[in-house]
S.K.: 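One structure coming up, written as structure tokens, with questions to follow.
Just so you know, these numbers use all the heavy atoms, side chains as well, and skip hydrogens, waters and symmetry mates. Convention: sequence-line order gives letters A, B, ...; per-chain numbering from 1.
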Number of protein chains: 2
Amino acid sequence: MQIKIAIVDDKASNRNILHDMLQRHGHFNITLLAADGKDFLDKMQQIEEKKMPDVVLMDLEMPNMDGVAAIAAGSSLYPSVKFVVLTIFDDEDKIFKAIKAGAFGYLLKDESAENITDTLWQMYENGSGPISPGIAFKMLQLMQKNDLKPTLASAANKQENFFQLSEREQEILRMLAKGLGYREIGIQLNISVNTAKKHVINVYHKLHVNSRAQALSLAYDKGML
Amino acid sequence: MQIKIAIVDDKASNRNILHDMLQRHGHFNITLLAADGKDFLDKMQQIEEKKMPDVVLMDLEMPNMDGVAAIAAGSSLYPSVKFVVLTIFDDEDKIFKAIKAGAFGYLLKDESAENITDTLWQMYENGSGPISPGIAFKMLQLMQKNDLKPTLASAANKQENFFQLSEREQEILRMLAKGLGYREIGIQLNISVNTAKKHVINVYHKLHVNSRAQALSLAYDKGML
DNA sequence: TAACAATGTATCCGATTGGATTATTGGTAA
DNA sequence: TTACCAATAATCCAATCGGATACATTGTTA
């Protein structure tokens, strides 16, 4: 089975190299070539049904209309078409924008030729999108440092609880964060000083730390406070 | 150069298979084996310096303490150690939690043996984290449907210094945030324990607090850390 | 030069903390 | 109903902390 491919890149040399590379593989059939986003969308409007691409390889920086805009428009107009970014840019901003625009994959041009065709092909075998390892890692870092908004309305800011602290222990942790000592915790929670202390020590054990400062730095670090 | 690896998995058979697989590769040196998160953290506390792992391969579902909790604690306690998830689970929830907990990579166990060792090895050649293609795609989908909070990136993160702490005192404050005691601070900064203590007390005075916990909560609150 | 701030050192002492251990109670899952 | 666990409580002890106070050395500023 052949995969129909479109190539969108403003440099003719790039289009040719890619074209040849894919053609040699045997499983790819290049049915559309365009020099920029606008050109691509124009050609898509008139294309014959049987040449409608399965996958669009899209460069990002182009005149007239850039790749992100083309993906945004194209993924809405042709929902069944998979848009794969193929570019030299690997900065967070571009990655993020392309993904939000609806990119199905993100490949770096400096990947070896075999790597690109192989990854594209694998995408069809296992159904997942083609993503360069470097891009995958950048995505991970993006997710790590940016908080995701709750997808659902009210499911709002529920605190993480990696360490399975009990309700009481979380309460104790918040007391520690206020800078309270055993005695004060005991008073505020109406329990004995000894009990307060026991809780604190239990929290330490669960967090694998052995001081207030360590517990707090871990708690703040992991967004538990 | 050899990469020191730790393996954390509750099933002995998995540990053995992985152990052999990595050993055969030649570039990996397994220095720590643990049956669950708790076991792992315990062993890390006592491990010899020269056996401190570079990379920890962590299963997710384990008794006592699961992989996510172990990564959350471990990545804070040992910032230089890279935690790589190695599991059979590829659902969004687990992926997301593991990444937020500080995972450096995410590999699926059903990957072929060569694939796992190769990906791990490549991680060292190009510096990026090892991520299974399927996981990368799931991450992309996660980003697509979840809104990211303001990319903040460059802008706002300049450190405030409301309390006019001296350079040294800010340094001391960071030591406190790490959970160090007087003795340890002294050693790290090459000053006497007494001096370390004097600095700490001075910081307290400037912040108008009288305990580590209060100092830290104030510092975190005011964005000084 | 005199004053000053930041840094470094030291000692004394009571208060607090961290750790280990043991035990009772009430709720709940097997 | 037994078994388990969270929450409660207490005791002992060593280690650490917080506070006060005194003094020496720099480097900078008035």
S.K.: Counting neighbours of NZ on K43(B) that are heavy atoms of other residues, nucleotides or ligands and sit closer than 6.0 Å, is the number greater than 12?
M.R.: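 Count over threshold, so yes.
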S.K.: Y182(A) has a side chain; which of dT16(C), dG18(C), dA7(D) sits nearest to it?
M.R.: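 In terms of side-chain proximity for Y182(A), the closest of dT16(C), dG18(C), dA7(D) is dG18(C).
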S.K.: Mind calculating the distance between CD1 (I172(A)) and C1' (dG18(C)) to the nearest angstrom?
M.R.: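 Computing the I172(A):CD1 to dG18(C):C1' distance gives 15 Å.
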S.K.: Measure from the side chain of I191(B), starting at C-beta and using heavy atoms only, and say which of dT7(C), dT8(D), dG8(C) lies closest.
M.R.: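 Output: dG8(C).
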S.K.: Looking at R168(A), I'd like to know whether one of its side-chain N or O atoms comes within less than 4.0 Å of OP1 or OP2 on dT8(D).
M.R.: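 Affirmative; the distance criterion is met.
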S.K.: Among residues at least two apart in sequence or on other chains, which ones pass side chain to side chain contact (heavy atoms under 4.5 Å, CB included) with K198(B)?
M.R.: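 K198(B): side chain to side chain contact (heavy atoms under 4.5 Å, CB included) contacts with N202(B).
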S.K.: In this structure, how many angstroms lie between the P atom of dA7(D) and the CG atom of L189(A), rounded?
M.R.: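 In whole Å, dA7(D) P and L189(A) CG are 11 Å from each other.
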S.K.: Does any N or O in the side chain of S75(B) come within less than 3.5 Å of the main-chain N or O of G102(B), such that one atom is a donor and the other an acceptor?
M.R.: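 It does not hold such a pair.
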S.K.: How many Å lie between CD1 on I187(A) and P on dT16(C), as a whole number?
M.R.: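 In whole Å, dT16(C) P lies 11 Å from I187(A) CD1.
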S.K.: Given atom CZ of R212(B) and atom C1' of dA15(D), what is their separation to the nearest angstrom?
M.R.: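 Answer to the nearest Å: 13 Å.
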S.K.: Between S192(B) and dA10(C), is there a contact of a side-chain N or O with OP1 or OP2 at under 4.0 Å?
M.R.: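 Looking at the OP1 and OP2 atoms of dA10(C), one of them is under 4.0 Å from a side-chain N or O of S192(B).
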S.K.: Looking only at heavy atoms, what is the nearest atom pair of L108(A) and S132(A), with distance?
M.R.: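 Of all heavy-atom pairs spanning L108(A) and S132(A), the closest is N-OG, 2.9 Å.
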S.K.: Taking the side chain as everything from C-beta on, heavy atoms only, tell me whether V68(A) gets closer than 4.5 Å to V85(A).
M.R.: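 No, every pair of side-chain atoms sits at 4.5 Å or beyond.
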S.K.: Given atom CD of E167(A) and atom P of dG27(C), what is their separation to the nearest angstrom?
M.R.: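 Those two atoms, CD and P, are 17 Å apart.
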S.K.: For the pair E171(A) and R168(A), find out whether any cationic side-chain nitrogen is under 4.0 Å from an anionic carboxylate oxygen.
M.R.: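 Looking at E171(A) and R168(A), the cut-off is met.
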S.K.: Check the distance between dA15(D)'s C1' and L180(B)'s CG and give it to me in whole angstrom.
M.R.: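 Nearest whole value for this atom pair: 17 Å.
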S.K.: Report yes if a side-chain nitrogen or oxygen of S211(A) is closer than 4.0 Å to either non-bridging phosphate oxygen (OP1 or OP2) of dT16(D); otherwise report no.
M.R.: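 Result: no.
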S.K.: Q164(B) has an atom CD; how far is it from atom P of dT7(C), in whole Å?
M.R.: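 It works out to 13 Å between those atoms.
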S.K.: Can you list, by residue number, the residues of residues 193-209 of chain B that have a non-hydrogen atom closer than 4.0 angstrom to DNA chain C?
M.R.: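 Under 4.0 Å from DNA chain C: N194(B), T195(B), K197(B), K198(B), H199(B).
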S.K.: Any heavy-atom pair between the side chains of L218(A) and Q214(A) that's under 4.5 Å?
M.R.: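 The answer is no; the side chains never approach within 4.5 Å.
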S.K.: Measure the distance from CG on N64(B) to C1' on dC5(D) and round it to the nearest whole Å.
M.R.: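 Between C1' of dC5(D) and CG of N64(B): 15 Å.
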S.K.: N210(B) has a side chain; which of dG18(D), dT16(C), dT9(C) sits nearest to it?
M.R.: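 Nucleotide nearest to N210(B)'s side chain: dG18(D).
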